[in-house]
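Each remark here refers to the structure printed beneath this line.
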Amino acid sequence: MAMDRQELAELLASMALLLELAGENTFKIRAYQGASRTIGKLTEDLDELYRSGKLETIKGIGRAIARHIAEYAETGTIEEYRQLKSTVAPSLLELVKIPGLGPKKAMAVHAALGVNSIGELEYACRENRLIALNGFGEKTQQAVLRGIEYMKKFQGSLLLAEAWPLAERVAAYLLEQDGLTAAQVAGEVRRRCPTVREIVVVVQADAAGLAALEGILTAMPGVEQVTSPETGCFAATLSVGISLLIRVAAVAEFPTALCLFTGNERHVAELIRLAGEQGWTLAGGRLVTADGKAVPVAAEADVYRKLGLDYPEPELREGQDEIALAARQRLPVLVQPGDLRGAFHMHTTYSDGTASLAAMGEAAATRGWSYIGITDHSRTAVYAGGLSLGQIQAQRQEIERLNANRPDCLILAGIESDILPDGSLDYPDDILAQFDFVIASVHSAFRQSAAEKTKRLKKAMQNRYVTMLGHPTGRILLAREEYPLDMPEIIQTAADTGTIIEINASPYRLDLDWTWCRVAREKGVLLSVNPDAHGVAELDSVVYGVAVARKGGLTAANLLNTRERPEMLTLLKRKR
DNA sequence: GCCGTTTTCGGCCCGACTGTTTTCAGTCG
């Protein structure tokens, strides 16, 4: 059986963290970190290297780590990892997740104060006990408290990319049970919200199915504490930490119930108000006329039709202007994943990606794309292996070779250039001019004021070689707040300068947020759904970016990478 | 733990930022 290169890389990285928490020497830790990176980015066949006994020819892999890899190849695990894990206090692994608390400080509070959990750490802060420790002070204690607050805020939420497949699994599981004849995901997941607090599934059940449901849920893997707050409704906590809500509908009521449990509160209130205007009631899975007759509803779209509305896609049902648009037959025709002709913003083994340039091109072609834009990191991003001037040349030459051999998917040579604190880029214009396109992104000096940051981004967009603005707000969902920014002014500048704004489709970012998409659209700003892929599989993140675009009411015409190749190439050059 | 030799140990990778410090350690990207 072939080795899972990514899993092995993660295993080695975990060993590095465990060694750090075990107080091992820095250089040993670095060796494991380096080996992890090397394995993650390896382009040669790892199994072949193992079979031929050549693991140690890889730079950064010596005798000890080669032995670990061999063990992994044979057994799928590494014994020393298991031992390390058993010697390091599990609470330390919890504590290092707090932003601002690294391994050293986590070890200090654990060793000196006996802190064994995040809760205990918070208590110790409130008791003012951290400031007594060496290297700690008032500000560090405050920072730790802020970090804890921040973590708490995100407890009970999952990324869409985690919640979506989970919700679909729950629905599929329920559908297999006797007496349950339909099950569909509703709520935040169906609306494709970037983060999800509650999974909602609407099931259609007969009387027997309803009676059995509590037992079915209790027996479901990953479910804790099932309650039934009202008839036809079951609530549970999932072991992943978010809640699950099951809404039961009778056969004739399923489509209406699905509608009522998909839209957000404002959307549904608006529907109920519209029904009320004609003396009807909309509740409990039924639409009832003034004289008490149930309006027949065979599908969700019928609910809207009976109320005089076009069908709004679930993503739009956020109680913005979608009802008004639906009433005037003015809903946008939302972009779909199949509309994409290619993608920009992806990394290769030249910087911090895990797949080679050739592999990314191959993967794009198998997805039916007719172009991709490679953007490795620029030289300021030393931590991410940013490209030197020499590497830029080498990469361009390789791209030209690949393009000569593979005309179906054109590879464009781009760069993700860092926007420096003063708004200039980290290559001079004559270098930038050599790229087919440039994505400009912020990766440093996050703590500027809103005014400084806005000025910084505006200056970058005013550079004629900056084709796109990358992840505009810098947020990491459930981990890092977006930095303060005058977003309307940023969007206006994009419009004025012809800069394309990225919808970063990484499920950890989804940045630009969907709420700004409509503003961009109204200003005539072109957007691009960019996977920000660091490996082949992450190219499929575009699905999440398309979800953002759809939620923001965008059509295929609002996006760059829905265009056929010639038009796309023209648009890339329009600032130059 | 890895590397590279001037063959058997000594050095190993970056820069900004912050906070706790009198000269540096820890964290982060």
Side-chain angles (χ1 to χ4, degrees), chain A residues 11-39 55-71 78 80-81 84 92 95-112 125 130-147 150 347 351-352 376-388 416-422 426 441-449 452 456 470-471 474-476 479-483 506 508-509 511 532 534:
Chain A
L11 210 47
L12 292 169
S14 299
M15 289 180 79
L17 177 61
L18 289 167
L19 287 167
E20 204 167 358
L21 292 172
E24 263 290 355
N25 97 62
T26 323
F27 297 108
K28 182 169 175 179
I29 295 158
R30 271 195 203 164
Y32 276 88
Q33 285 169 341
S36 169
R37 270 197 305 275
T38 305
I39 295 298
L55 285 175
E56 285 182 55
T57 63
I58 307 170
K59 197 168 161 55
I61 308 292
R63 268 182 52 200
I65 294 182
R67 265 207 306 274
H68 291 325
I69 297 174
E71 186 189 351
I78 299 173
E80 193 172 325
Y81 166 76
L84 266 172
L92 284 176
L95 294 177
V96 291
K97 289 182 193 161
I98 299 169
L101 197 72
K104 293 279 158 56
K105 290 196 164 132
M107 286 162 73
V109 295
H110 177 72
C125 289
L130 261 60
I131 55 172
L133 301 180
N134 264 344
F136 284 73
E138 181 68 34
K139 289 197 173 170
T140 303
Q141 183 168 276
Q142 285 305 319
V144 169
L145 263 183
R146 271 201 310 279
Y150 201 68
H347 302 266
S351 67
D352 61 350
D376 274 304
H377 284 285
S378 56
R379 61 184 174 188
T380 310
V382 180
Y383 56 88
L387 266 55
S388 66
E416 183 179 18
S417 180
D418 270 32
I419 303 175
L420 301 175
D422 70 351
D426 65 343
S441 309
V442 166
H443 289 117
S444 64
F446 290 97
R447 286 193 205 186
Q448 290 170 318
S449 68
E452 282 172 314
R456 177 180 179 188
H471 44 71
R475 75 176 179 188
I476 306 290
R480 188 173 77 204
E481 228 45 279
E482 56 191 42
Y483 38 67
S506 161
Y508 298 98
R509 292 186 183 267
D511 179 16
D532 196 357
H534 288 72

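Every chain is numbered from 1, with letters handed out A, B, ... down the list of sequences.
- Thr140(A) comes within 4.0 angstrom of the backbone, heavy atoms only, and of no base.
- Position along DNA chain B of the nearest nucleotide to Phe27(A) versus Pro421(A) favours Phe27(A) as the more 5'-ward residue.
- Using a 4.0 Å heavy-atom distance criterion, Gly100(A) is classed as a sugar-phosphate-only contact.
- Residues meeting the ring pair (Phe, Tyr, Trp, His ring centres under 6.0 Å) test with Tyr150(A), sequence neighbours left out: Phe154(A).
- Put simply, the side chain of Lys105(A) reaches to within 4.5 Å of the side chain of Phe136(A), judged on heavy atoms.
- For the P atoms, the distance from dC24(B) to dG10(B) is 23 Å, rounded to whole Å.
- Applying the salt bridge (charged side-chain N to carboxylate O under 4.0 Å, His left out) criterion to Lys97(A), with sequence neighbours excluded, gives Glu94(A).
- Taking atom P on both dT5(B) and dC13(B), the two are 14 Å apart, rounded to the nearest angstrom.
- Arg63(A) comes within 4.0 angstrom of the backbone, heavy atoms only, and of no base.
- Going from the P atom of dT21(B) to that of dA16(B) covers 24 Å, rounded to whole Å.
- dT8(B) makes up no base pair with any nucleotide shown, lacking Watson-Crick or G-U wobble contacts both under 3.5 Å.
- In this view, Asp376(A) satisfies the salt bridge (charged side-chain N to carboxylate O under 4.0 Å, His left out) rule with no residue, not counting sequence neighbours.
- Chain A approaches DNA chain B within less than 4.0 angstrom (heavy atoms of the protein), and the contacting nucleotides run 5' to 3' from dG1(B) to dG29(B).
- Using C1' as the reference atom, dT20(B) and dA25(B) are 9 Å apart when rounded to the nearest Å.
- The distance from the CD1 atom of Ile61(A) to the CG atom of Leu12(A) is 7.0 Å, given to the nearest 0.5 Å.
- Counting non-hydrogen atoms under 4.0 angstrom, Ile29(A) reaches nothing in the nucleic acid.
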Compile the donor-acceptor pairs under 3.5 Å between side chains in residues 17-29 of chain A and protein atoms, sequence neighbours left out, one pair per line.
{"unit_1": "Glu24(A)", "atom_1": "OE2", "unit_2": "Lys28(A)", "atom_2": "NZ", "d": "3.3"}
{"unit_1": "Asn25(A)", "atom_1": "OD1", "unit_2": "Phe27(A)", "atom_2": "N", "d": "2.7"}
{"unit_1": "Asn25(A)", "atom_1": "OD1", "unit_2": "Lys28(A)", "atom_2": "N", "d": "3.1"}

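- At the heavy-atom level, Glu24(A) lies nowhere under 4.0 Å from the strands shown.
- Across the interface with DNA chain B, nearest-nucleotide mapping of Ile58(A) and Gln33(A) shows Ile58(A) to be the residue nearer the 5′ end.
- Using atom P as the reference point in both dT6(B) and dG1(B), the two lie 25 Å apart (nearest Å).
- Base orientation of dT18(B): anti (glycosidic angle beyond 90° from 0).
- Under the rule for a ring pair (Phe, Tyr, Trp, His ring centres under 6.0 Å), the partners of His377(A) that lie at least two apart in sequence or sit in another chain are His347(A), His443(A).
- Comparing the same atom, C1', in dC2(B) and in dT8(B) gives a spacing of 14 Å after rounding to whole Å.
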